[in-house]
Amino acid sequence: MSFVVELPTPMSANNLFFNVPGRGRVKTKAYENWQQTAALTIVAAVRADRRIGGRVSVKIELPAKCRLDIDNAVKPILDALVRSRRIDDDRNVASLTVDRGARGDLTTVTVDPFQPRPQ
């Protein structure tokens, strides 16, 4: 069983955290707000019984007009999938595809159970 969800396009991974003396890296307020919005969007769109445990494949399709470096879009999206409890942990992502081409302003995320390629 897989699921597909449309999310607001994330901010760059370069802008997720800032350093606080004595505390270390801390989430920016903008990232905390985006992550909460994205997680709530996922929870509303994907029933809990469609949750995928174990290894997963993730496909991220950014809007065609998005100027974000595609590698900087990955972390916030995977973090939102974990926060929403629709995947166990982002270390279980065994396959990841990211491209540009989605219509409109939203990012499309597809999550499937991981299927190893036949050898």
Side-chain angles (χ1 to χ4, degrees):
M1 181 179 303
S2 65
F3 63 83
V4 178
V5 64
E6 290 186 322
L7 300 175
T9 299
M11 65 195 54
S12 171
N14 296 330
N15 300 316
L16 304 182
F17 298 93
F18 63 97
N19 291 319
V20 175
R23 287 184 54 201
R25 289 171 35 107
V26 176
K27 288 181 186 177
T28 63
K29 188 67 173 167
Y31 178 45
E32 183 60 41
N33 290 339
W34 182 89
Q35 194 179 55
Q36 181 175 0
T37 298
L40 289 173
T41 299
I42 295 166
V43 166
V46 181
R47 293 187 333 247
D49 65 348
R50 299 202 54 203
R51 176 184 181 285
I52 302 174
R55 294 171 44 154
V56 295
S57 295
V58 178
K59 180 179 182 193
I60 300 169
E61 190 172 7
L62 298 167
K65 66 180 182 174
C66 176
R67 295 176 45 99
L68 179 67
D69 290 350
I70 63 172
D71 61 321
N72 285 329
V74 174
K75 179 168 182 40
I77 291 170
L78 296 182
D79 286 351
L81 288 169
V82 172
R83 183 170 177 167
S84 70
R85 297 186 168 181
R86 295 312 183 254
I87 67 171
D88 292 331
D89 195 307
D90 54 353
R91 75 175 136 221
N92 290 338
V93 176
S95 173
L96 175 67
T97 305
V98 185
D99 59 32
R100 228 182 282 275
R103 294 185 180 130
D105 296 328
L106 298 176
T107 295
T108 303
V109 180
T110 305
V111 181
D112 296 294
F114 177 68
Q115 299 293 323
R117 295 181 187 157
Q119 301 215 3

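The environment of Arg85 atom CZ is sparse: at most 12 non-hydrogen atoms of other residues, nucleotides or ligands sit within 6.0 angstrom.
Atoms NZ and CD, on Lys27 and Gln36 in that order, are 10.0 Å from each other to the nearest 0.5 Å. To the nearest 0.5 Å, the span separating CG on Leu16 from CZ on Arg25 amounts to 8.0 Å. To the nearest 0.5 Å, atom CG of residue Leu81 and atom CD1 of residue Ile87 are 4.5 Å apart. For the atom pair OG1 (Thr37) and CD (Glu32), the distance works out to 9.5 Å, reported to the nearest 0.5 Å. Atom CZ of residue Phe18 and atom CZ of residue Arg23 lie 7.0 Å apart, to the nearest 0.5 angstrom.
Contact between Ile70 and Arg100 at its shortest, heavy atoms only, is CG2-NH2, 3.4 Å. Between Leu96 and Val93, the shortest heavy-atom contact is CB-CG1, 4.2 Å. The two residues Pro8 and Trp34 come nearest to each other via the heavy atoms O-NE1, 3.2 Å. The shortest heavy-atom contact between Ala39 and Ser84 is O-CB, 3.7 Å.
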Name each donor-acceptor pair under 3.5 Å that joins a side chain in residues 52-69 to protein atoms two or more places apart or in another chain, with its distance.
unit_1 : atom_1 : unit_2 : atom_2 : d
Glu61  : OE2    : Ala102 : N      : 3.4
Lys65  : NZ     : Asp105 : OD1    : 2.8

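Val109 and Phe3 fall within the same hydrophobic cluster, where Ile, Leu, Val, Met, Phe, Trp and Tyr residues are linked whenever their side-chain heavy atoms come under 4.5 Å apart, directly or through other members. When hydrophobic clusters are built by joining Ile, Leu, Val, Met, Phe, Trp and Tyr residues whose side-chain heavy atoms come closer than 4.5 Å, directly or via intermediates, Leu78 is grouped together with Met11. The hydrophobic cluster containing Val43 does not contain Val82, counting ILVMFWY residues as joined when their side-chain heavy atoms lie under 4.5 angstrom apart, directly or transitively.
Between the side chain of Thr28 and the main chain of Asn15, a donor-acceptor pair closer than 3.5 Å is present. Formation of a donor-acceptor pair under 3.5 Å by the Arg86 side chain with backbone atoms of Ile42 is not found in this model.
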**OP:** Check the pair Asp79, Arg83 against salt bridge (Lys or Arg N to Asp or Glu O under 4.0 Å), reporting the backbone distance first and the verdict last.
**Re:** CA-CA 6 Å; Asp79 286 351; Arg83 183 170 177 167; over 6 Å; no
**OP:** Apply side chain to side chain contact (heavy atoms under 4.5 Å, CB included) to the pair Asn14 and Asn72, showing each step before the final yes or no.
**Re:** CA-CA 7 Å; Asn14 296 330; Asn72 285 329; 3.4 Å; yes
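Phe17 meets the ring pair (Phe, Tyr, Trp, His ring centres under 6.0 Å) test with Tyr31; sequence neighbours excluded. Partners of Asp89 according to the salt bridge (Lys or Arg N to Asp or Glu O under 4.0 Å) rule, which considers only residues two or more places apart in sequence or in another chain, are Arg91.
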